[in-house]
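Please read the structure below before turning to the comments.
Below, all heavy atoms of this structure are taken into account, side chains as well, without hydrogens, waters or symmetry copies. When a ligand or atom number is given, it counts from 1 through the structure's own listing order.
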Amino acid sequence: MNSELRELRLAHPRPEQLMALGQRLRRQHSSEQAIWLLQQLEMYWDAMRLQAFRQPLELYYEAQALQMGSRWPLAERRALELAQRYPELRLLEIGAGIGGDSLELSRTRSFRAVEQDEVRRGYLEHNLRVCGFAEVDVLGGDGLEQVADAQVIYADPARRNAKGRQWHDLMPNPADLWNLALPCCLKLSPGLDESQLPAGCDLDYVSHLGVCKEATVWTPGRGRVRACLYRENDWLMAERREAPLLGPLEPGMWLHEPDPAAIRAQVWEPLQGWRIDETLALLATPSGTVSAWTQAFEVLEIADADRKNLIRLQKKWDFQPLEIKKRGFDVEPEELRRKLPRGDGGGAGVLYLTRVGGRHRAVICRRV
Ligand SMILES: C[S@@+](CC[C@H](N)C(=O)[O-])C[C@H]1O[C@@H](n2cnc3c(N)ncnc32)[C@H](O)[C@@H]1O
């Protein structure tokens with residue numbers, strides 16, 4: 001089955017209609033096997049799209065575990081930091097899923113992994129084996145009962161349901177892990193409530209492909225909060241600092257919209273920037289201030305944001321395509337777009353609806 005799955009994925013590397021392929025597989029296999037192969041093929045396409053694994057070709061996937069799993073560059077960074085912080089200590093990974101983190105940890109150290117779900121555990125063992133890490137000790141059962149000779153813990157708890165936002169909605173419960181009083185690294189949702197974290201922990205907000213994917217909590221720590229941004233084999237990092245002062249936004253300046261991890265971590269990059277509204281993370285700078293942390297927009301005009309004025313502005317600037325963005329402004333961009341005239345000769349432009357100094361404003365700009 002293994003080599004057949006490999007051949008199938010090589011022959012069908014990108015999403016396509018499965019009807020004809022399904023019929024062929026059903027002629028060659030039991031219907032159960034054919035369904036498994038097709039599901040594995042589709043999940044491989046997902047894994048490729050999500051950049052979930054470094055070597056996705058021969059892995060076995062399970063739908064939920066794949067969606068919950070770490071993206072490999074993020075798992076790699078965490079594994080390297082674990083190796084740097086605790087090079088000598090015996091590591092236990094509790095709740096390894098199908099191996100998003102285990103495969104990267106394997107590259108840096110020896111460790112034990114526990115996964116309570118039997119199917120995922122079988123797939124985890126397979127995935128470790130085909131990637132050359134068969135020596136990792138994989139255990140079943142409840143990881144919290146297998147901490148006896150662990151010296152450092154890594155866990156990426158699963159949400160019990162889509163709505164849960166409390167620690168006890170997570171499996172394993174982070175509070176139970178912190179109560180072990182061992183050094184611990186936890187991958188949690190970036191939407192966490194910082195006031196609920198152990199005092200003095202280190203906290204990394206991490207983004208991947210423009211989305212803040214996770215918050216990594218290190219205990220014990222020194223109370224450091226960082227934003228970590230992955231860009232093509234490279235990491236940008238910056239630490240939390242005091243919010244900069246408020247200042248004006250005027251035509252000719254650049255308006256900066258920070259990466260979501262930078263917003264959560266409050267790193268306030270670029271350092272030369274000032275805030276344009278005390279409720280927002282948007283910054284302004286003189287023109288020409290480039291930052292890898294932000295998308296920048298050259299401000300052309302700032303005006304009232306009532307409907308009549310927005311129509312007038314779009315007639316004047318004639319943007320096509322017109323991008324509508326909003327921050328701290330209650331508007332439905334697609335609904336608004338239908339009410340504005342379609343532009344023609346003005347080129348690409350941005351209508352940025354936001355607050356400036358406490359007032360709702362329409363900021364006309366172009367992407368830098
Ligand atoms: C979010 S997934 C882990 C994903 C993994 N880090 C990856 O990147 O592929 C969490 C896993 O923890 C397992 N789990 C939850 N509580 C556990 C416990 N007490 N002991 C062992 N496994 C547990 C769940 O079955 C689930 O597969």
Side-chain angles (χ1 to χ4, degrees), residues 43-44 46-56 58-82 91-108 111-131 133 136-148 150 152-162 164-180 182 184-192 204 206 208 211 213-217 230:
M43 286 188 277
Y44 168 69
D46 281 346
M48 296 283 282
R49 179 176 52 78
L50 297 170
Q51 295 184 6
F53 290 89
R54 188 191 290 267
Q55 296 168 283
E58 296 188 58
L59 303 184
Y60 288 172
Y61 302 107
E62 191 263 340
Q64 243 191 329
L66 174 60
Q67 292 305 327
M68 295 188 288
S70 300
R71 308 298 171 246
W72 78 261
L74 281 58
E76 178 192 42
R77 190 195 67 83
R78 192 167 30 243
L80 290 172
E81 186 160 348
L82 263 168
L91 172 70
L92 178 69
E93 181 187 14
I94 300 182
I98 57 170
D101 284 288
S102 321
L103 288 166
E104 295 302 320
L105 288 167
S106 306
R107 301 167 70 89
T108 61
F111 69 105
R112 283 192 307 161
V114 192
E115 173 51 56
Q116 65 185 11
D117 180 285
E118 209 173 314
V119 173
R120 289 179 197 161
R121 188 166 68 251
Y123 286 7
L124 171 67
E125 285 171 326
H126 164 89
N127 292 346
L128 287 164
R129 198 167 48 246
V130 295
C131 291
F133 304 117
V136 176
D137 195 9
V138 176
L139 309 167
D142 182 349
L144 283 164
E145 291 172 4
Q146 301 178 58
V147 294
V152 52
I153 304 284
Y154 170 67
D156 168 11
R159 295 254 290 270
R160 279 181 203 277
N161 62 52
R165 291 248 165 243
Q166 309 291 319
W167 294 146
H168 61 250
D169 295 320
L170 296 178
M171 302 187 313
N173 179 337
D176 292 341
L177 296 168
W178 291 321
N179 284 339
L180 296 172
L182 290 171
C184 184
C185 171
L186 290 194
K187 173 187 150 192
L188 296 172
S189 154
L192 53 70
D204 293 338
V206 190
H208 180 239
V211 179
K213 294 291 299 176
E214 56 193 48
T216 308
V217 179
Y230 179 71

Please identify each residue that fulfils ring pair (Phe, Tyr, Trp, His ring centres under 6.0 Å) with Y230, with sequence neighbours left out. H208, W235
One finds that the ligand 1 atoms under 4.0 Å from a non-hydrogen atom of M68 are 1 (C), 2 (S)
Once ring pair (Phe, Tyr, Trp, His ring centres under 6.0 Å) is applied, do any residues pair with W72, and if so which ones, sequence neighbours excluded? none
Identity and distance of the protein heavy atom lying nearest atom 19 (N) of ligand 1: D142 OD1, 2.8 Å
Using the side-chain hydrogen bond (donor to acceptor under 3.5 Å, both in side chains) rule, pick out the option among E76, E214, R78 that qualifies with S70. R78
Residue selection (non-hydrogen contact nearest atom 26 (C) of ligand 1) among Q64, E93, R120, Q67: R120
For atom 8 (O) of ligand 1, closest protein heavy-atom neighbour: S70 N, 2.7 Å
Geometry only, no angles: is K187 polar-contacting ligand 1 at N/O separations under 3.5 Å? no
Heavy atoms only: which of Q116, E118, Q146 lies closest to atom 14 (N) of ligand 1? Q116
Begin from the C-alpha positions of L177 and W167 and carry the test side chain to side chain contact (heavy atoms under 4.5 Å, CB included) through to its verdict. CA-CA 11 Å; L177 296 168; W167 294 146; over 6 Å; no
With a 4.0 Å cut-off on heavy atoms, is S102 in contact with ligand 1? no
Report, in ascending order of atom number, the atoms of ligand 1 lying under 4.0 Å from any heavy atom of G141. 20 (N), 21 (C)
Among non-hydrogen protein atoms, atom 1 (C) of ligand 1 lies closest to D156 O, 3.2 Å
Name the closest protein heavy atom to atom 20 (N) of ligand 1, giving the residue it belongs to and the distance to 0.1 Å. G143 N, 2.9 Å
Do you know the tightest heavy-atom contact between L66 and M43? CD2-O, 3.5 Å
Would you mind running through ligand 1 and noting each atom that sits below 4.0 Å from a heavy atom of G69? 7 (C), 8 (O), 9 (O)
So, applying salt bridge (charged side-chain N to carboxylate O under 4.0 Å, His left out) with D156, which one of K213, K187, R71 is it? K187
Donor-acceptor side-chain pairing of R159 and S189 below 3.5 angstrom: no
Look at the aromatic rings of Y61 and F53 and report parallel, tilted or perpendicular, splitting at 30° and 60°. tilted
Please give me the minimum heavy-atom distance between G143 and L92, naming the atom from each residue. O-CD2, 4.1 Å
Closest approach of L188 and V217, non-hydrogen atoms and distance? CD1-CG2, 3.8 Å
Per-atom contacts of ligand 1 with G99, taking only distances under 4.0 Å to non-hydrogen atoms: 9 (O)
for atom 12 (O) of ligand 1, nearest protein heavy atom and its distance come out as G95 CA, 3.0 Å
Side chain or backbone, does E115 bring an N or O within less than 3.5 Å of an N or O on ligand 1? yes
Please state which protein non-hydrogen atom is closest to atom 9 (O) of ligand 1 and give its distance, to 0.1 Å? G100 N, 2.8 Å
Below 4.0 Å, non-hydrogen atoms only: which portion of A96 touches ligand 1? Side chain, backbone, both or neither. backbone
How far is atom 15 (C) of ligand 1 from its nearest protein heavy atom, and which residue and atom is that? M171 O, 3.2 Å
Can we say E125 and R121 salt-bridge, meaning some charged N sits less than 4.0 Å from an Asp/Glu carboxylate O? no
